[in-house]
Each structure stands twice: as structure tokens, then as C-alpha cells.
Protein chains: 2
Amino acid sequence: MSRSFLSLIGEIMISQTSEYALRAVVGLAQNPDKPHTTAEIARLTKVPEHYLSKVLLMLAKHEVVFSKKGLHGGYMLAHPPEQLPLLNVINAVDPIKQINSCPLKLKTHGTNLCRLHKRLNDSIALMEEMFRTSTVGTILSEPTKSIPLCESIKK
Amino acid sequence: MSRSFLSLIGEIMISQTSEYALRAVVGLAQNPDKPHTTAEIARLTKVPEHYLSKVLLMLAKHEVVFSKKGLHGGYMLAHPPEQLPLLNVINAVDPIKQINSCPLKLKTHGTNLCRLHKRLNDSIALMEEMFRTSTVGTILSEPTKSIPLCESIKK
DNA sequence: ACAATAAAAGATAAATTTATCTTTTTATCT
DNA sequence: AGATAAAAAGATAAATTTATCTTTTATTGT
């Protein structure tokens with residue numbers, strides 16, 4: 001019934017845009033030496049170039065990345081990977097909002113969530129916590145056989 | 001950047017359609033005596049009637065609810081609330097899919113997720129587990145001041 | 001200053017999800 | 001059998017997200 005909101009989180013959870021943002025940031029974290037153009041990042045992460053441009057713009061506005069115009073310009077991470085929670089990246093493009101009041105706008109409920117919405121909100125909170133406590137640095141240091149977003153060099 | 005995918009899970013997580021499905025099912029669980037028409041459920045849960053009709057159709061196809069045509073017909077739960085995990089409701093309309101292979105289709109990754117996607121998949125799995133282990137019965141028995149989906153009678 | 005590079009901004013289009021309306025089919029009651 | 005009720009199915013439209021293209025603005029190097 002839904003499209004892939006995100007290839008990334010299966011079908012649930014976060015938007016395509018958020019996955020793009022995460023890919024871009026992880027991509028930048030792996031090449032921290034110099035600025036990278038939108039075109040370069042697009043090639044590395046396989047995100048559509050012109051759409052990525054919008055995504056990077058939002059990341060820049062939220063100071064997740066730093067942009068530099070003109071020759072030799074491009075994007076760099078604004079903070080070291082260890083200090084950049086995934087949540088910040090997600091929140092820059094597609095903020096996670098908790099359920100603060102009844103989605104049905106029931107007057108007697110108000111800020112007092114019913115069991116359904118409380119349960120759902122608990123799930124949100126848990127997910128949010130996971131994204132808050134894991135940084136770009138964290139996931140880059142987790143052991144795996146695959147280099148994030150990149151083809152392996154050796155065959 | 002995204003609409004409310006779902007009022008319910010904030011902005012992240014599951015679709016509007018899934019929330020509608022959950023509301024309908026919880027609504028039916030609270031009135032288990034007789035079949036309820038789409039119009040009735042729509043009124044109770046504040047889901048757009050004609051859209052709800054499609055949602056109920058899918059729930060029926062996945063045997064989450066049971067439908068009866070004609071006079072005195074309508075929808076009822078196909079199983080007791082205690083035996084109906086929220087996951088089944090969600091999966092009927094908008095299945096949760098784990099990330100089984102690299103969303104970037106990198107050949108060297110294949111089924112071997114990179115750290116980013118592994119991390120994301122861990123989150124999916126956790127969420128899925130929560131929805132699997134909590135049934136409609138569970139959430140109805142959780143203590144709250146608000147009756148799920150309904151205005152409170154007493155003032 | 002001028003040319004080249006790259007982000008920023010704007011406009012438009014495609015795809016998908018959500019919503020509405022109408023017609024058809026199936027069941028129930030008298 | 002005929003009338004009524006309600007789901008099922010079909011067609012269409014609105015809203016939102018995702019994607020693409022073009023123009024403008026800012027920066028660097030010569």
C-alpha cells in the first residue's frame with residue numbers, strides 16, 4: 001500500500017529522503033580530507049544528483065554539513081563523525097516527532113494518549129533513542145565485511 | 001520534507017494507512033458483539049469512510065477481519081484481540097520488510113550489509129519485534145485514563 | 001577583471017499515497 | 001420475488017514525496 005518510503009528501513013520508518021541524507025553523510029565521513037561536490041557524492045552514494053542537492057541544502061541549513069561555493073568547493077561534514085548522531089541527520093530532513101496529543105483530536109484525550117497511541121509513541125521514543133545514541137562514527141567503527149556505500153576494492 | 005506519514009508515529013515509521021488499519025482494528029476490538037459497517041467504524045475512528053473501505057478490504061484479505069455482506073453485515077475481528085499482534089495489522093496493509101540486500105545494489109555487498117544498512121536493519125528488526133509481541137489485547141489492557149479512540153463518557 | 005567552478009534557488013514534472021465518488025455484487029428480510 | 005442493506009470493485013482526483021532541469025549567485029584562480 002505504500003511505496004518504499006525508504007529502501008533503507010524496509011518500508012517502515014523513515015523516508016527515502018532520510019536514507020539519502022544518511023548515505024551522503026556516511027559518504028562524506030569516509031572521505032574527510034577535502035570538500036566534495038554534489039556530483040561526486042551522488043556518484044558515490046547513488047543518490048539522484050539534483051535531488052541530493054536539495055538534501056544537502058537542508059543538511060547545511062541544520063549545520064550537519066558545511067558548504068563552500070566556487071572552485072574547489074563542495075560539502076564537508078560540519079562535525080567529527082563521533083559527534084554526529086544519526087538522529088541529527090534524520091531530523092535535519094525529516095524530523096521525528098513524538099505523539100504529543102491525540103491524533104484524533106478527541107477533546108477528552110488531549111495530551112493524555114490512549115493506549116494505542118501511547119504504545120505507538122513508546123515505539124517512536126525507542127527508535128529515536130537508537131538514532132540518538134548511534135553516531136556516524138559509531139556505525140563506521142562497527143565491524144563488517146563491506147565498506148559502507150562502496151564496492152569493495154579487493155575481489 | 002515528508003508529510004505526516006502517519007499522524008501516529010510522528011513522522012517516521014508507519015504509513016497513514018497503517019494507522020488507519022490499527023484504529024479500525026482497535027475500534028472493532030472494543031465492540032466485539034456484532035458486525036459493524038464501514039460507516040460506523042469510520043465515525044468511531046475518524047478515518048475517511050471510503051478510504052477505510054479499502055483498508056478493511058485488505059484486512060479482510062489477510063484474515064485480520066471477517067466481512068459479511070448484506071443487511072446486518074459489516075466487519076468483525078477474525079481473531080480474539082489477544083491473538084492479534086499489531087504486526088499482523090500493519091503487515092496486512094503495509095508490510096515491514098527487513099533490508100536483506102544492499103539498497104545500492106553494490107555487487108560486492110550483496111547480502112552482506114554495510115554498517116549503515118546493518119544498523120538501520122537492526123532498528124527495523126527491533127521495531128518489528130515490538131509490534132509482534134504486542135497484541136491488540138495487550139494495548140487494550142494497558143492502564144490509561146483514555147478509552148482508545150473514544151471520547152470519555154464522564155466529565 | 002575574467003573565466004571557470006560549484007552551490008543556491010526556482011520551476012516543473014513524475015511517481016506514490018491518500019481520498020472521494022459511483023456502480024456492481026452479495027446477502028438478508030418481508 | 002422484491003426491496004433494502006452493505007461490502008466489493010472501479011474510476012477519478014487531490015495531496016505529497018521524489019526527481020529533473022534551468023537559471024542565478026558566490027567563490028576561486030589566472
Side-chain angles (χ1 to χ4, degrees), chain A residues 1-9 11-21 23-24 28 34-43 45-76 78 93-95 103, chain B residues 1-9 11-21 23-24 28 34-43 45-62 64-76 78 90 93-95 103:
Chain A
M1 194 89 173
S2 88
R3 110 202 70 170
S4 305
F5 285 138
L6 32 58
S7 38
L8 99 70
I9 289 223
E11 203 93 16
I12 205 182
M13 298 245 278
I14 70 174
S15 64
Q16 184 67 268
T17 304
S18 293
E19 154 122 19
Y20 287 167
R23 281 194 211 167
L28 286 174
K34 61 176 178 62
H36 295 275
T37 67
T38 306
E40 281 169 5
I41 305 170
R43 219 174 310 122
T45 59
K46 304 214 176 165
V47 174
E49 179 175 340
H50 293 96
Y51 192 68
L52 178 61
S53 155
K54 313 291 188 189
V55 173
L56 287 167
L57 203 58
M58 286 186 291
L59 290 175
K61 275 178 184 151
H62 286 80
E63 297 181 343
V64 171
V65 299
F66 165 82
S67 82
K68 188 163 168 254
K69 280 187 173 184
L71 189 59
H72 304 148
Y75 291 96
M76 294 184 78
V93 297
D94 209 348
Chain B
M1 192 91 173
S2 89
R3 108 202 72 170
S4 305
F5 285 138
L6 32 59
S7 38
L8 98 71
I9 288 223
E11 203 94 15
I12 202 183
M13 299 245 279
I14 70 175
S15 64
Q16 184 68 268
T17 305
S18 293
E19 154 123 19
Y20 287 168
R23 281 195 211 166
L28 285 174
K34 62 176 177 61
H36 296 276
T37 68
T38 306
E40 282 169 5
I41 305 170
R43 221 175 307 121
T45 59
K46 304 214 175 164
V47 174
E49 178 175 341
H50 293 96
Y51 193 68
L52 178 61
S53 156
K54 313 289 189 191
V55 173
L56 287 167
L57 204 58
M58 285 186 292
L59 290 174
K61 276 177 183 150
H62 286 80
V64 171
V65 300
F66 167 82
S67 83
K68 190 165 166 249
K69 281 186 172 185
L71 189 59
H72 303 150
Y75 290 96
M76 296 184 76
I90 294 171
V93 298
D94 209 349

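What you see is a predicted model, and the numbers here were worked out from it, not measured in a lab. So you know, we letter chains A, B, ... as the sequences are listed, proteins then strands, and number each from 1. Values reported hereafter were calculated over all heavy atoms of this structure, with side chains retained and with hydrogens, waters and symmetry mates removed.
Atom C1' of nucleotide C:dT16 and atom NZ of B:K54 are separated by 16 Å, given to the nearest angstrom. Going from atom CZ of B:F66 over to atom C1' of D:dA8 covers 15 Å, rounded to whole Å. Rounded to an integer number of Å, the gap from B:L28 CG to D:dA7 P is 11 Å. What separates NZ of B:K61 from P of D:dA7 is a distance of 15 Å, to the nearest Å. As rounded to whole Å, 16 Å separates atom C1' of D:dA11 from atom OH of B:Y51. The distance from atom NE2 of B:H62 to atom P of D:dA8 is 14 Å, rounded to the nearest whole Å. To the nearest angstrom, P of D:dA7 lies 13 Å from CE of B:M76. The nearest whole Å value for the distance from the CD atom in B:E49 to the P atom in D:dA6 is 11 Å.
You'll find the side chain of A:V65 reaches within 4.5 Å of the side chain of A:L28, heavy atoms only. Looking at heavy atoms from C-beta onward, A:Y20 lies out of side-chain contact with A:S15 at the 4.5 angstrom threshold.
With a cut-off of 3.5 Å on both pairing distances, the Watson-Crick or G-U wobble partner of D:dA26 is C:dT5.
Remark: B:Y20 is in phosphate contact with C:dA19, judged by side-chain N or O atoms under 4.0 Å from OP1 or OP2.
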Quick test: give all pairs of protein nitrogen or oxygen and nucleotides 4-8 of chain C nitrogen or oxygen below 3.5 Å, distance rounded to 0.1 Å.
| residue | atom | partner | partner atom | Å |
| --- | --- | --- | --- | --- |
| C:dT5 | O2 | A:L71 | N | 3.4 |
| C:dA6 | O4' | A:G70 | O | 3.3 |
| C:dA7 | OP1 | A:T38 | N | 3.1 |
| C:dA7 | OP2 | A:T38 | OG1 | 3.3 |
| C:dA7 | O3' | A:S67 | OG | 3.4 |
| C:dA8 | OP1 | A:S67 | OG | 2.8 |
| C:dA8 | OP2 | A:Y75 | OH | 2.2 |

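Shown here for A:G73 and A:T37, the closest heavy-atom pair between the two residues is O-CG2, 4.0 Å. Considering all non-hydrogen atoms of both residues, B:T45 and B:I41 come closest at OG1-O, 2.7 Å.
When the side chain to side chain contact (heavy atoms under 4.5 Å, CB included) test is applied to B:T38, the partners found at least two apart in sequence or on another chain are B:E49, B:L52, B:S53, B:L56, B:Y75. Looking at residues two or more places apart in sequence or on another chain, you find no side chain to side chain contact (heavy atoms under 4.5 Å, CB included) involving A:H50. Taking B:E40 as the reference, B:H36 meet the side chain to side chain donor-acceptor pair (under 3.5 Å) condition, with sequence neighbours excluded.
Of all nucleotides listed (D:dT18, C:dT22, C:dA19), C:dT22 comes nearest to the side chain of B:H50.
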